[in-house]
Amino acid sequence: MTKRMLIMLGAVVLLVALLALGFFLHIRQLMASAPKPGPQTVSSTIVRKVDWQPHLSSVGTMVAVRGVDVTTEIAGLVRTINFKSGQDVAAGQLLVQLNADADIAQLRALEAAAELAASVLARDRQQFAVQAISQAQIDSDLADLKSKQALAAQQAALVQKKTIRAPFAGKLGITTVNPGQYLNPGDKIVTLQTIDPIYVDFYIPQKNLSGLQVGQVLNLSSDAYANVAFAGKVSAISSKVDPTTRNVQVEATVANPKRQLLPGMFANVNVEVGDKKLYLTLPQTAITYNPYGSTVFVVYPASQAPKPATASAPAASASASASAPAGPPPKAGDLVVQQVFVTTGETRGDQVAVLTGLTEGQQVVTSGQIKLKNGSPVVISNVVQPLNNPRPTPQEQ
């Protein structure tokens, strides 16, 4: 009985083995008869050396060269307003006249008292010349005259304060004050800003402080004028570093003849640092960033393609290439790609500097890398190219 069971069990195992072998051979036949992948369509660019100006980037705030909220020192009733909102005014131009009738009358009385004191002093000096009065009387008259003149001058200053003038030339803001309105000391009348030129304040990390100095050229842009670049120069560097952020404040002067930049606006600031350099550049989309390094795919004619350097390739990549079905051998006129390790440097806009791994004139894939491996045949189509602008502007969706 046991012998029969062993024979039946062996027959079952043999049957299963034959079925598995048949299934494996069938799968192998299907894989062998599967269509081979054809050339992949990619876009490419030629590696060129271009001028590269190193720069520091930051976000700044526009600040008026002079800016103040015009107020009144003393209380009073507004009699006349001599400006319009948004008007350009000159230094010393009359803005607001407060009611000063009572103060002017008081000034006239004090001036009259000062004139009387002057007349008394003149008469007493004549009498003193003939020894009719003492020197003490002359001293008293002189002190009385100076006191009355001081009171008149004080009252004149009070009257002058009720005539409010522009402290400097600039552009006015919008006022909400009306004739007949009562103003208390310190009440805001209108804002006054000098905006040509205008300052931009921004911060940079302390590690970049050594590359910054007064007089350096900078460019800034604002989202209010997306296609306009404004030029300026660094005019001041703070004498201390913020201990909380380790940043240093920098002030730059920017020409603003069209008054496009206004105080309070933010701006993207680029400060040019050092001399221009020549770098090989690529669109950032051409670089594939991996844990083991950055790579690009270089395009070669099939007859000139170098052999892949498998020694430096990671094991995962090698096994993936080995397991992938081999395509048909490329023809002499076909294009193939080879993966190359590169060292990248600074970035600007859509571009990245390539320090090592490439030479000028090589053709590099800029899009479609995900479907490529070493030796893959490709077809170049540059109908649609990735962005490659060193100073891109926001695109409306």
Side-chain angles (χ1 to χ4, degrees), residues 48-68 168-171 193-284 287 343-356 387-394:
R48 303 290 186 194
K49 281 188 177 180
V50 298
D51 287 335
W52 188 289
Q53 175 63 64
H55 67 274
L56 302 175
S57 298
S58 182
V59 176
T61 301
M62 309 309 301
V63 180
V65 173
R66 296 188 188 92
V68 68
F168 50 82
K171 185 175 183 179
Q193 308 284 331
T194 298
I195 56 177
D196 182 25
I198 192 170
Y199 290 147
V200 58
D201 288 347
F202 58 96
Y203 292 84
I204 64 166
Q206 67 174 26
K207 66 179 181 180
N208 297 323
L209 188 58
S210 61
L212 194 68
Q213 60 184 1
V214 174
Q216 279 182 305
V217 177
L218 61 82
N219 292 286
L220 63 87
S221 61
S222 172
D223 58 355
Y225 305 96
N227 297 320
V228 180
F230 300 89
K233 289 185 178 181
V234 175
S235 53
I237 302 173
S238 178
S239 58
K240 62 175 291 186
V241 174
D242 189 332
T244 304
T245 62
R246 306 304 176 187
N247 292 335
V248 61
Q249 184 178 3
V250 182
E251 181 182 80
T253 305
V254 181
N256 191 28
K258 296 182 179 179
R259 315 271 180 96
Q260 293 170 299
L261 300 174
L262 299 177
M265 294 175 65
F266 86 91
N268 297 310
V269 183
N270 289 306
V271 185
E272 296 181 358
V273 181
D275 299 327
K276 289 184 178 181
K277 300 179 181 179
L278 281 177
Y279 281 141
L280 297 175
T281 62
L282 286 174
Q284 293 198 43
I287 309 296
T343 303
T344 58
E346 300 179 47
T347 61
R348 60 175 186 184
D350 303 319
Q351 296 180 341
V352 60
V354 179
L355 305 181
T356 62
L387 296 177
N388 190 25
N389 190 343
R391 292 180 181 175
T393 57

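All values derive from a computational prediction rather than experimental measurement. Along the sequence shown, the residues carry numbers beginning at 1.
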Would you say that [X] contacts [Y] through its side chain, given a criterion of any heavy-atom pair below 4.5 Å between the two side chains?
{"X": "V250", "Y": "D201", "value": "no"}
{"X": "K233", "Y": "T253", "value": "no"}
{"X": "I195", "Y": "V65", "value": "no"}
{"X": "I198", "Y": "P263", "value": "yes"}
{"X": "F230", "Y": "V200", "value": "no"}
{"X": "V271", "Y": "L212", "value": "yes"}

Do [X] side-chain atoms and [Y] backbone N/O form a donor-acceptor pair below 3.5 Å?
{"X": "Q193", "Y": "L262", "answer": "no"}
{"X": "T343", "Y": "V354", "answer": "no"}
{"X": "N256", "Y": "Q260", "answer": "yes"}

Spatial distance of atom [atom1] ([X]) from atom [atom2] ([Y]) [nearest 0.5 Å]:
{"X": "Q284", "Y": "Q351", "atom1": "CD", "atom2": "CD", "value": "9.0 Å"}
{"X": "E346", "Y": "T281", "atom1": "CD", "atom2": "OG1", "value": "12.5 Å"}
{"X": "L220", "Y": "S58", "atom1": "CG", "atom2": "OG", "value": "11.0 Å"}
{"X": "D223", "Y": "F266", "atom1": "CG", "atom2": "CZ", "value": "4.0 Å"}
{"X": "T194", "Y": "F168", "atom1": "OG1", "atom2": "CZ", "value": "4.5 Å"}
{"X": "E272", "Y": "N219", "atom1": "CD", "atom2": "CG", "value": "5.5 Å"}

Check the pair Y279 / L355 against side chain to side chain contact (heavy atoms under 4.5 Å, CB included), numbers first and verdict last. CA-CA 7 Å; Y279 281 141; L355 305 181; 3.9 Å; yes
Only one of L218, V248, N268, L56 passes side-chain contact (heavy atoms from CB on, under 4.5 Å) with F202; say which it is.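 Among the candidates, only L218 passes.
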Over all heavy atoms of both residues, which pair between [X] and [Y] is shortest? Give the atoms and the distance, please.
{"X": "T347", "Y": "W52", "answer": "C-CZ2, 3.8 Å"}
{"X": "L261", "Y": "M62", "answer": "CD1-CE, 3.7 Å"}
{"X": "A224", "Y": "M265", "answer": "CB-CE, 3.7 Å"}
{"X": "I237", "Y": "V234", "answer": "CG1-CG1, 4.1 Å"}

Taking salt bridge (charged side-chain N to carboxylate O under 4.0 Å, His left out) as the cut-off, I'd like each qualifying pair that reaches into residues 246-268, sequence neighbours left out, listed once.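 As it turns out, the salt bridge (charged side-chain N to carboxylate O under 4.0 Å, His left out) pairs with a partner in residues 246-268, which skip direct neighbours, are D88-R259.
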Scan side-chain atoms only and decide if N270 and S57 contain a donor-acceptor pair under the 3.5 Å cut-off.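 Result is yes, a qualifying pair exists.
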